[in-house]
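This report concerns only the one structure given below.
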Amino acid sequence: MENKNLTVRQTLSQIVSSAFEACGYDPELGAVTVSNRPDLCQFQCNGALSAAKRYKKNPAIIAQEVAAKLQEEPILAKAEFVPPGFLNLDVSDAYLIERACKMDSDVRLDLPCAEKALSIVVDYGGPNVAKPLHIGHLRTAIIGESLVRLARFLGHKVVGDVHLGDWGLQMGLIIEGLRAQKPELCYFDETFGGPYPSEPPVTLDDLNELYPAASARSKTDEEFKAAAQKATGELQNGRPGFVALWKHFLSLSVTDLKKSYAKLDVDFDKWLGESDAAPYVDEMLGILKDKGLSYVSDGALIVDVAKEDDEEEIPPIIIEKSDGSQLYGTTDLATILQRERDFDPDEIWYVVDNRQSMHFKQVFRCAHLAALVPEETKLMHIGFGTMNGKDGKPYKTRDGGVMRLSDLIATVTDAAREKMAESATASVLSDEEAAACAEKIGIAALKIGDLINHRTKDYIFDLDRFLASEGKTGPYLQYAAVRIHSVLEKAEAQGFTPGKLLPPASDTERALLLSLSGVGDTLLRAFSDHAPNGICEALFDLTGLFNRFYYENKILTCPDAAQRDSWLKLISITERMISLLLSLLAIQVPEKM
RNA sequence: GCGCUCGUAGCUCAGCUGGAUAGAGUACUUGACUACGAAUCAAGGGGUCACAGGUUCGAAUCCUGUCGGGCGUGCCA
């Protein structure tokens with residue numbers, strides 16, 4: 001059998017499964033997990049306990065039979081039965097070293113690849129044109145980016161698409177908002193023959209003012225709202241002046257958004273938007289109609305997506321509003337068609353707030369009913385929870401507003417900068433270098449504050465805690481990386497080079513090797529759950545063990561050169577692993593801090 | 001009303017398809033810088049896993065109900 005890049009746990013599972021099989025039991029029972037009692041063993045298998053019922057046999061006997069088969073296994077240092085039916089396993093130090101050597105000689109650190117490379121489109125970001133990024137855009141960007149990087153690292157073919165909100169009612173609102181201010185502009189003159197000016201009629205700042213004002217007005221001013229809805233429809237139907245205006249808005253906005261996302265290290269492969277699905281709308285509507293799925297109800301075009309055995313009531317999806325204009329269901333469905341044509345994906349992931357789960361349920365059902373994608377194509381809503389303030393309610397600034405992303409980044413950067421000023425090593429940096437480091441630290445604080453929580457749950461957004469100089473924070477992880485780097489640099493300056501790995505000289509060292517070897521399982525699980533918090537946990541485990549190791553062993557002054565060089569090798573592997581995991585979370589490591 | 005989801009240490013959160021003594025961080029108490037970076041490390045106290053039933057050899061985890069919070073529920077996204 002091909003054993004390429006199996007994790008330690010998987011390797012053990014194979015071995016134990018064979019042992020179960022050899023004893024006449026279902027090999028599935030041989031699944032091995034990391035021990036939940038590290039004081040007793042490194043790995044465990046509980047298969048004998050569940051086998052007991054199936055084979056009507058005392059679990060102790062089964063476990064003992066299997067344990068007996070495992071005694072000769074070279075990679076196992078221990079395989080013992082513990083009542084009532086546990087199978088406790090330790091791997092040998094030699095095997096741990098062997099695996100560490102494999103990591104050392106592999107650019108991918110001996111981490112696993114997906115057994116089958118999938119083509120995956122990830123829809124995340126979802127900013128709106130003419131609306132500066134704010135704190136509400138943070139989770140989709142942070143989580144989405146790390147999922148994209150993880151999937152890609154595992155060998156999948158990934159297209160990350162920002163899916164710009166550039167086609168909905170907000171466009172009509174901005175158009176009407178501008179018309180209210182400058183009705184004389186040629187874009188509003190239906191008799192204007194063109195060409196339209198190449199310079200935008202507004203600045204980015206104007207644009208960022210326009211939308212909130214127009215949005216607020218539409219809530220009280222019915223006439224204005226109606227005009228905006230009409231303008232939205234006209235834009236979608238290609239009214240030249242509006243299209244020209246829209247292009248200006250789009251270009252101003254996208255330039256700005258790219259800068260903001262760059263600060264967060266979020267890189268989209270595609271900057272497509274709702275509007276890019278527009279060419280597919282008619283075709284999509286045609287398919288729905290031809291298949292007899294869509295019909296008019298209360299003036300709107302809808303598709304029933306409810307099923308007989310639904311526990312919850314799933315309302316029909318509205319494809320076209322009674323005024324003929326499109327809405328998010330329309331563009332989402334057309335976008336599915338567009339993605340199918342352009343990328344032929346096995347899976348499409350939507351990294352979007354949990355609150356939209358009903359919407360996606362409707363869209364996905366409709367897409368499958370209409371066979372816009374093959375039946376086996378997975379459409380998945382990767383939902384996430386709300387960021388709440390300390391009061392448990394959605395996070396607001398002190399004055400009750402929504403915090404802009406740029407303000408947020410400035411806040412965390414300033415806080416990091418202040419902390420750096422206290423540090424002797426970081427104070428040697430030039431102002432410019434210090435500013436760059438502070439930004440990396442601040443953003444890491446922000447990202448870990450988010451990613452450490454399970455994706456699906458609401459969490460309390462508490463900047464003070466994220467930026468605290470103690471605890472499970474982004475800076476803690478960066479500090480460990482910076483410190484290892486510093487030791488390795490000093491070693492090099494003294495002419496020491498990492499050498500041959502020796503067997504672990506302490507429990508801490510062994511635990512560090514074990515932790516390194518467990519990263520592969522963590523990544524596979526993070527991928528299958530679409531949940532990056534496991535990667536954070538692995539990072540804290542690694543860095544915590546390194547910090548302990550660092551205190552217990554004085555590497556550079558170690559009189560035994562072979563031991564010293566072995567330790568240098570160990571920490572260099574550790575450094576690479578930490579950097580790799582941080583890069584999967586799109587977190588950078590500063591030079592100094 | 002109906003549906004979804006959550007409830008774990010004072011606080012913020014982990015806890016993999018059911019397994020052994022439920023774990024981190026923080027806060028609190030204490031100890032470690034004339035040794036590679038103390039944004040660090042070590043030690044201690046702190047729990048009826050909301051509540052009540054059920055399934056199971058075995059439940060924080062699965063099922064039912066109750067209470068409490070959040071969210072959604074046809075023309076915003």
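Every value quoted in this text rests on a predicted model; they were computed, and no experiment measured them. Values reported hereafter were calculated over all heavy atoms of this structure, with side chains retained and with hydrogens, waters and symmetry mates removed.
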Please work out whether C49(B) sits syn or anti, treating a glycosidic angle within 90° of 0 as syn.
anti
Is there any side-chain hydrogen bond (donor to acceptor under 3.5 Å, both in side chains) pair reaching into residues 32-50 of chain A, and which pairs are they, with sequence neighbours excluded?
Arg37(A)-Asp39(A), Gln44(A)-Asn46(A)
Between Lys490(A) and Leu49(A), which is nearer to the 5' end of RNA chain B once each is assigned its nearest nucleotide?
Leu49(A)
First contact, last contact: which nucleotides of RNA chain B are these for chain A, 5' to 3', heavy-atom distance under 4.0 Å?
G3(B) to A77(B)
Distance between P atoms of C63(B) and A27(B) (Å, rounded)
38 Å
Just jot down the ring pair (Phe, Tyr, Trp, His ring centres under 6.0 Å) partners of Phe466(A), sequence neighbours excluded, or say none.
Phe461(A)
What interatomic distance, in whole Å, is found between C1' of A20(B) and the corresponding atom of U73(B)?
45 Å
Between G18(B) and A77(B) - P atom distance, rounded Å
41 Å
Whole-angstrom distance between C28(B) and C4(B), as gauged at atom C1'
39 Å
Between G25(B) and A9(B), how far is it from one C1' atom to the other, in whole Å?
12 Å
Could you tell me whether the side chain of Ser325(A) reaches within less than 4.5 Å of the side chain of Gln236(A), counting heavy atoms only?
yes
Please report, to 0.1 Å, the donor-acceptor pairs under 3.5 Å made by any side chain of residues 479-496 of chain A, with sequence neighbours excluded.
unit_1, atom_1, unit_2, atom_2, d
Arg483(A), NH2, Asn547(A), OD1, 2.7
His485(A), ND1, Glu575(A), OE2, 2.9

Return each pair, listed once, that meets salt bridge (charged side-chain N to carboxylate O under 4.0 Å, His left out) where at least one residue sits in residues 210-223 of chain A; pairs must be two or more places apart or across chains.
Arg217(A)-Asp221(A)
Enumerate the residue pairs fulfilling salt bridge (charged side-chain N to carboxylate O under 4.0 Å, His left out) with a member in residues 44-62 of chain A, sequence neighbours excluded, ordered by first and then second residue.
Asp26(A)-Arg54(A), Lys57(A)-Glu65(A)
Nearest-Å distance once atom P is located in both A43(B) and C57(B):
40 Å
Hey, does Ser297(A) reach any base, or is it just sugar-phosphate, or nothing, if we go heavy atoms under 4.0 Å?
base
Kindly state each residue pair satisfying salt bridge (charged side-chain N to carboxylate O under 4.0 Å, His left out) with at least one member in residues 525-534 of chain A, sequence neighbours excluded.
Arg525(A)-Asp529(A)
Rounded to whole angstrom, note down the C1' distance from C62(B) over to C49(B).
16 Å
Donor + acceptor pair across side chains of Asp450(A), Tyr459(A) (<3.5 Å)
yes
Return all side-chain donor-acceptor pairs below 3.5 angstrom for residues 555-563 of chain A, not counting sequence neighbours, or 'none' if the list is empty.
unit_1, atom_1, unit_2, atom_2, d
Asp560(A), OD1, Ala562(A), N, 3.0
Asp560(A), OD1, Gln563(A), N, 3.2

Name all pairs fulfilling the side-chain hydrogen bond (donor to acceptor under 3.5 Å, both in side chains) condition that reach into residues 381-396 of chain A, sequence neighbours left out, sorted by first residue then second.
none
With Phe43(A) via ring pair (Phe, Tyr, Trp, His ring centres under 6.0 Å) - residues at least two apart
none
Note: contacts of residues 447-462 of chain A with RNA chain B (heavy atom, under 4.0 Å) are Asn453(A), His454(A), Lys457(A), Asp458(A), Tyr459(A), Ile460(A)
Could you give the distance separating C16(B) and G10(B) at their P atoms, to the nearest angstrom?
22 Å
Stems involving RNA chain B: give each as a range paired with a range, ordered by first number, where a stem means at least three consecutive Watson-Crick or G-U wobble pairs under 3.5 Å.
B:1-7 with B:67-73, B:10-13 with B:23-26, B:28-32 with B:40-44, B:50-54 with B:62-66
Taking for each residue the nucleotide of RNA chain B with the nearest heavy atom, is it Cys41(A) or Lys321(A) whose nucleotide lies nearer the 5' end?
Cys41(A)
Can you see whether Phe540(A) has Lys472(A) sitting over its ring - NZ or CZ less than 6.0 Å from the centre and within 45° of the normal?
yes
